[in-house]
Amino acid sequence: MRIFLSGFGTVGQGFAEVIKRRRDFFEDKYGEQPVVVGVIDSKTFAVDQKGLDLDRLVARKQEKKGVSDETYSDALAVMDSVKYDLLIEVSPTDVETGGTGLKTIRHALECGKDVITVNKGPLALHFHDLIALAKKNGCKFRFEGSVGGAMPIINLCHENLKGEKISSIRGIFNGTCNYILSKMDNGQPFEQALKEAQQLGYAETDPTNDVEGYDAATKVVILANSVFHRDVSFKDVKITGITGITPDAIAQAKSHNMVIRLVGEITETRLEVAPRLIPIGHPLSISGTLNIAQIDADLAGPITITGRGAGKIETASAILSDLIAIMSMRL
Ligand code: HSE
C-alpha cells in the first residue's frame, strides 16, 4: 500500500505516529507496512518511491516548518511524480472553496486512486460529485474522521446500520467548543480556554470556524448528505455559535443544574447548530473534547455513541480504521 499524504500538520503527523505504533499489526495481518511515498504541506514536499522516513519528516517539520527545502507550485504535479495507491488528504479545511483538498481528492479519484480524508471542506461542498467520481473510477472513498474525530459515526451508519431508516441524529460535533464550554463551567474565561484548545491542536486553523458554529455545521451537512442521502449545503443549516455565551449565562444554567452545550441536529425538517441548555447528567452534558451522537434508527431504536472529537492521535485513529478497511478489501 503506497500512500501519498497531503497535509502534514497536527493530523498528518498524528497519522505518521499511528502507523509507526501499529507496525506489528500491519506485519502480522498483511505481511507488509503501508509506505508513504509522498508528502506535501502547504508549501514544501518530499517524495521517495521507496518510502519516506516519517520520523525524520516530523522532526524536520517541527524544527524548520517545512518537510524539506523543496517548495512546489503545483500539488498535482508532485502527486504525479510518484506511484501511489491511496491519497490521505488531511490539509486544512477550507469551507469556502474546498482548497487544496478538493483539488488533490479530485485528481486522485480521476487517476483511479483510493482516497481517505478528514478534510471537511470538499465533503461539505461537493459530497455527491466526489462520491460519483469515486464510483465512476472504481475507487474507495472513506472519510470517517471528518465527523466526530475518533467517534466512529460515519462507518457505523454506513456499515452496521445500513439496513436501518435513520430519522434523526442529535449531538455534539465540535470538540473545541465543548472544551471551551466545559472549561467555562469551571470558571475559566472564554479566551483562555480557546487558547488552550488551539495549543492542544483541537481548533481549526482559523478558530472562528469552531466558535461560530461553522465547523459543527459542516459536520451536520456531511451527515445529512452521507447518512440521510440528502442534497444540502452549508446555507441550509441554521447556525448559532458560542461567542455570545457569557460567564453569567453559564452561572445561570448551573444554578438550574444545567450546562450549555453546542448541539447539532439533523431531522427530516431541521438542520441546526445552536447552544442548548442540557440538564447535568444528560448524555449531552459531556465535557472536554468529547463528541456525542444520538441516532434514532427505526429497527434498532436509539443508539448513542461518544468519543474524542478532536486531537492528533484520536483523529489519526479514524484514518487508521479507514486504511485497515481499504487494505482488508484488497486482500
Ligand atoms: N476543530 C475541530 C473540533 C476538529 O474542534 O472538533 C475536528 O473536526
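Since the model is a prediction, treat every value here as computed from it, not as a measurement. Just follow the structure's listing: the first ligand is 1, and inside any ligand the first atom is 1.
Using a 30° and 60° split on the angle between ring planes, F4 and Y84 fall in the tilted class, from 30° to 60°.
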Output a table of donor-acceptor pairs, distance under 3.5 Å, between side-chain atoms of residues 95-109 and any protein atom two or more places apart or on a different chain; print 'none' if there are none.
unit_1	atom_1	unit_2	atom_2	d
T97	OG1	D94	OD2	2.8
T97	OG1	G99	N	3.0
T104	OG1	E89	OE1	2.6
T104	OG1	T100	O	3.3
T104	OG1	G101	O	3.2
H107	NE2	D80	OD1	2.8
H107	NE2	D80	OD2	3.3

Subject >> Check against side-chain hydrogen bond (donor to acceptor under 3.5 Å, both in side chains), N291 and T306 >> reply: CA-CA 6 Å; N291 279 198; T306 185; over 6 Å; no
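Listed by chain and number, K120, N174, G175, T176, Y202, A203, E204, D210, D215, K219, G309, A310 each place a non-hydrogen atom less than 4.0 angstrom from ligand 1.
Residues in residues 31-50 take part in these salt bridge (Lys or Arg N to Asp or Glu O under 4.0 Å) pairs, two or more places apart or across chains: D41-K61.
Residues passing the salt bridge (Lys or Arg N to Asp or Glu O under 4.0 Å) test with E268, sequence neighbours excluded: none.
Under a 3.5 Å cut-off, the side chain of S182 and the backbone N or O of G288 do form a donor-acceptor pair.
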